[in-house]
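First the structure, in the form of structure tokens, and then the observations on it.
Only a predicted model underlies this, so the values are computations on that prediction, with no experimental measurement involved.
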Protein chains: 2
Amino acid sequence: MNKTEQFLQLKGIRVTAMRILIYNFLSEKKVTVTLSDIENAFDKADRTTLYRTIKTFEDKEIVHQIDDGTGVTKYALCEPNCHCDLNTDLHLHFHCTQCGATVCLTDHKIPKIKVPNGYIAEHVNLVVKGICDKCSVK
Amino acid sequence: MNKTEQFLQLKGIRVTAMRILIYNFLSEKKVTVTLSDIENAFDKADRTTLYRTIKTFEDKEIVHQIDDGTGVTKYALCEPNCHCDLNTDLHLHFHCTQCGATVCLTDHKIPKIKVPNGYIAEHVNLVVKGICDKCSVK
DNA sequence: TAAAATAATGCACTTCCATTGCATTGATTA
DNA sequence: TAATCAATGCAATGGAAGTGCATTATTTTA
């Protein structure tokens, strides 16, 4: 049993071929991916399976969703100690309007946000749009 | 010619009955609205007209889009000196997970966000989720 | 280890929202 | 007033998300 398999088992889900493949696919990517990206990478597999695999990964805090404002949900592997549900360890996401890539800037934590009296903040989503490092040098 | 009509003309678009109605509808709302909300308020009008009216308002910086992560695009009137395209005057949005309302917290400006070298930030979208003031007192 | 239980996968559908083409109606301008 | 251009309405499309159910695979336990 290799690292990926051990990891999935540790997370309390069944280790299947599909899950190993999708997990490895995600870990190779430096940018966030859409369901369609995964679909294109595994055109033999059914869309629903991929969809539900990602949902399972989300539930088990293996991946997190990113809403970058393009209208399509992006996904990325969580960091080792990520607790996406909680108000901790929130990093920001950058969406490049040129190449369309969305990346996790895990080193850039989100500053404390003040909300008015009576409001209770539970989750923060911060997306910066602009030109990424690869596109800005061209 | 009243205030609304003057305003629309100032923005460089034709003043039509539909546009006046939609503008007034938006200005009465304290929360952001979806296209469906507008549709329900004007069930005599065609969906496409409402859709394109909002798009026109967006182009002319009369309304701005809010992506609160619910998957449905929300809209709200811009503030007097709002330039949504530019990196100025960005306020944050609050989405209440209980009542589903999304409000513009126009008094709460977004802190300067640092991005890594090579990245060029052009726009910032910040959505805080939690419980709003009305729901938290219940 | 075979049978029973539970979970994962695949197929077919459905729903919802966003968007477009085209004809028609309405508003502006020459 | 005719010609021009923009706004509206209708019909249709496309994309993404999500669900029900049958089938296959994996795990448990008797």
Quick one: side chains of residues 15-23 of chain B, donor-acceptor pairs under 3.5 Å with protein atoms, not counting sequence neighbours, listed by atom name and distance.
from  : atom 1 : to    : atom 2 : distance (Å)
B:T16 : OG1    : B:R19 : N      : 3.3
B:R19 : NH1    : B:R14 : O      : 2.9

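- Under the 4.5 Å side-chain criterion, counting only non-hydrogen atoms from C-beta, B:L35 is in contact with B:Y51.
- Between A:F42 and A:F25, a ring centre-to-centre spacing shorter than 6.0 Å is recorded.
- You'll find that the side chain of B:D46 is closest to D:dG9, out of C:dA18, D:dG9, D:dT8.
- Closest to the side chain of B:R47, out of C:dA18, D:dA17, D:dG9, is C:dA18.
- Every pair passing salt bridge (charged side-chain N to carboxylate O under 4.0 Å, His left out) that includes a residue from residues 35-55 of chain A is listed here, sequence neighbours excluded: A:K55-A:E58.
- For the residue pair B:D67 and B:T73, no side-chain donor N or O sits within less than 3.5 Å of a side-chain acceptor on the partner.
- If you take CE of A:M18 and P of C:dG10, they are 7 Å apart, rounded to a whole angstrom.
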Within the sub-3.5 Å range, which N or O atoms of nucleotides 20-29 of chain C have a protein N or O partner, and how far apart are they?
from   : atom 1 : to    : atom 2 : distance (Å)
C:dG21 : O6     : B:R52 : NH2    : 2.9
C:dG26 : N2     : B:R14 : NH1    : 3.4

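- No contact: B:K44 has no heavy atom under 4.0 Å from any strand.
- Within 4.0 Å (heavy atoms only), B:T73 reaches sugar-phosphate atoms of the nucleic acid but no base atom.
- If you measure from atom CZ of B:F57 to atom C1' of D:dA7, you get 12 Å, rounded to the nearest angstrom.
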Name each donor-acceptor pair under 3.5 Å that joins a side chain in residues 93-103 of chain A to protein atoms two or more places apart or in another chain, with its distance.
from   : atom 1 : to     : atom 2 : distance (Å)
A:H93  : NE2    : A:H64  : NE2    : 3.3
A:H93  : NE2    : A:H91  : NE2    : 3.1
A:H95  : ND1    : A:D68  : OD2    : 3.4
A:H95  : ND1    : A:T102 : OG1    : 2.9
A:T97  : OG1    : A:G130 : O      : 3.3
A:T102 : OG1    : A:D68  : OD2    : 2.5
A:T102 : OG1    : A:K74  : NZ     : 3.4

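- Rounded to whole Å, atom C1' of C:dA18 lies 12 Å from atom CD of B:E58.
- A:L92 pairs in a side chain to side chain contact (heavy atoms under 4.5 Å, CB included) with only one of the listed residues (B:L126, B:V124, B:I113), which is B:I113.
- Counting side-chain heavy-atom gaps under 4.5 Å among Ile, Leu, Val, Met, Phe, Trp and Tyr, the cluster of A:I120 also holds B:I131.
- Atom-to-atom, CD1 of B:I13 to C1' of D:dA7 comes out at 11 Å; the value is rounded to the nearest Å.
- Residues from residues 19-27 of chain B placing a heavy atom under 4.0 Å of any atom in DNA chain D, listed by number, are B:R19.
- The interatomic distance linking B:E39 (CD) with D:dG9 (P) rounds to 12 Å, in whole Å.
- The CG atom of A:L50 sits 15 Å away from the P atom of C:dA8 (whole-angstrom rounding).
- Remark: C1' of C:dA18 and CD of B:Q65 are 11 Å apart, rounded to the nearest angstrom.
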